[in-house]
Amino acid sequence: MKQKTFIYSLLLLLVSVLSSCSQWEGETVESAYQEPQIPDPTYQFKRNGASSVDYLECSLLRDPLDYIYSSYLRTANIMYEGTMTRVKGYYNNGEFGLKPQEELAASSLHKADRERILKDVEDIFVTTGKLSGLGQPSPGTYRNHKAKMGEGGYVGVHIGDVNIAFANEKGLVVAELFNGIVWGGIYLDKILNVHLNDSLYNDARLRSEHERTALLPGRNYTELEHHWDLAYGYYQYWLPYVQVGGLPVLRESRIKLYNAFARGRLALTEYRYEEVLQQLQLIRAELSKVAAVRAMNLLVNDITVGNLDEDINNALVFLSQGCGALYGLQFTLQESGKPHLTYEQVKSYINELTSGNGFWDKERLLGDEATVGSLKHVASQVGKVYGLTLNDIKRSY
């Protein structure tokens, strides 16, 4: 009896299995098995057991520039001639032998515009001195007034505001323009136009020295390796802008750029120069796109537009950051190696935004895409150069 029951149970089980098979016939069932994932490359390279990566230079150059921005320009703290001398000392001489003024727009690609770019920085120092009360009988009293249409002054709740900034008569916070010049004219120029200049990696002498492991004096890397590493070092300052959350257009940019830097460095180590140049082109295209998206987003994102609509004073810093980002676009590169925009073009965008009453002209700035001088108009014009639209830079929530 027990044997019959057991056989009957097996028959029921077989019917059930056959029924299940016929039920799922023709269906695609996702397997739990996944192909092994190839790990992302790491940016760690060694020679004789010691690291062959060195980009200390990048932080040594950045430190005095950050100090100028935060301690003197942002707070309009150039009230005396001695202070102006100190600021220009940091700018002209830097620290540890690295001189910011000499490194600004230093690539051969921007040699023709370099004097004008240097003049723009000098003008920022002069304007900040004026906003600080430099040359006035009582500088502290002079600088203690709010910015308003046609008159420079502080932007904030009061003169002691921890988030204080100072704007000129157009509403432009010149400290933010200085930052834009630095991030474009030094960091971006160093990455794309100096250390990742394709002529370096096609140079027969540099290739030969690299292949026979001719190390730089007292160092553990070749000249070509050091160029690539310095590009990666300066890229670290752009990384926060690559990782902007909520922008679908930049969703894969971080990993694309990281992989390109790591794979390019590995290819260089293995003398695969064609691969090096391919990764260089990828970095050039992706980082240029990041710079364009950042500039467009700063102009038309919800924070800028919302503050402008509610209280112009709260929007001045964001609008000025947008102008700084626009200025830096002259240092981005097309695939051909030519700049996407010229010095004249980026200056024309900034002049368009600051025309007439400048950032105080709320109605013009908030105009539609067809309104010349509006935020949307300038952003869309930039987008056309890079193949981007205003819809491309909308956040996804």
Identify every side-chain donor-acceptor pair in residues 152-174 under 3.5 Å, counting partners at least two apart or on other chains, and give the distances.
residue	atom	partner	partner atom	Å
H158	ND1	G160	N	3.0
H158	ND1	D161	N	3.2
D161	OD1	N163	N	2.9
D161	OD2	V157	N	2.9
N168	OD1	K170	N	2.9
N168	OD1	G171	N	3.2
N168	OD1	L172	N	3.0
K170	NZ	T354	O	3.3
K170	NZ	G356	O	2.7

Identify every side-chain donor-acceptor pair in residues 58-67 under 3.5 Å, counting partners at least two apart or on other chains, and give the distances.
residue	atom	partner	partner atom	Å
S59	OG	L56	O	3.0
R62	NE	D66	OD2	2.9

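A ring-ring contact (aromatic ring centres under 6.0 Å, His included) check over residues 185-213, counting only residues at least two apart or in different chains, returns the pairs W183-Y187, Y187-Y237, H195-H227, Y201-W228, H210-Y271. Residue pairs meeting the ring-ring contact (aromatic ring centres under 6.0 Å, His included) criterion with at least one partner in residues 304-323, sequence neighbours excluded, do not occur; the list is empty. Pairs engaging residues 277-287 under the salt bridge (Lys or Arg N to Asp or Glu O under 4.0 Å) rule: D198-R284, E286-K289 [sequence neighbours left out]. Listed by first and then second residue, the salt bridge (Lys or Arg N to Asp or Glu O under 4.0 Å) pairs that reach into residues 346-358 are D120-K347, sequence neighbours excluded. Sorted by first then second residue, the salt bridge (Lys or Arg N to Asp or Glu O under 4.0 Å) pairs that include residues 86-98, not counting sequence neighbours, are K88-E122. For residues 123-135, the set of pairs meeting the side chain to side chain donor-acceptor pair (under 3.5 Å) definition, not counting sequence neighbours, comprises K119-D123.
Looking at residues two or more places apart in sequence or on another chain, you find a side-chain contact (heavy atoms from CB on, under 4.5 Å) between L134 and E81, M84. Here N301 pairs with N297, I303, T304 under the side-chain contact (heavy atoms from CB on, under 4.5 Å) rule; sequence neighbours left out. Taking the side-chain contact (heavy atoms from CB on, under 4.5 Å) definition, one finds that L365 meets it with L308, L319, L353, F359, L375, sequence neighbours left out. Partners of A105 under the side-chain contact (heavy atoms from CB on, under 4.5 Å) rule, at least two apart in sequence or in another chain, are H110, R114, I117, F331.
There is a side-chain donor-acceptor pair under 3.5 Å between Y386 and T332. Side chains of D392 and T389: a donor-acceptor N/O pair is present below 3.5 angstrom, by distance only.
A cation-pi arrangement, defined by a distance under 6.0 Å to the six-membered ring centre and an angle within 45 degrees of its axis, is present between R294 and Y241.
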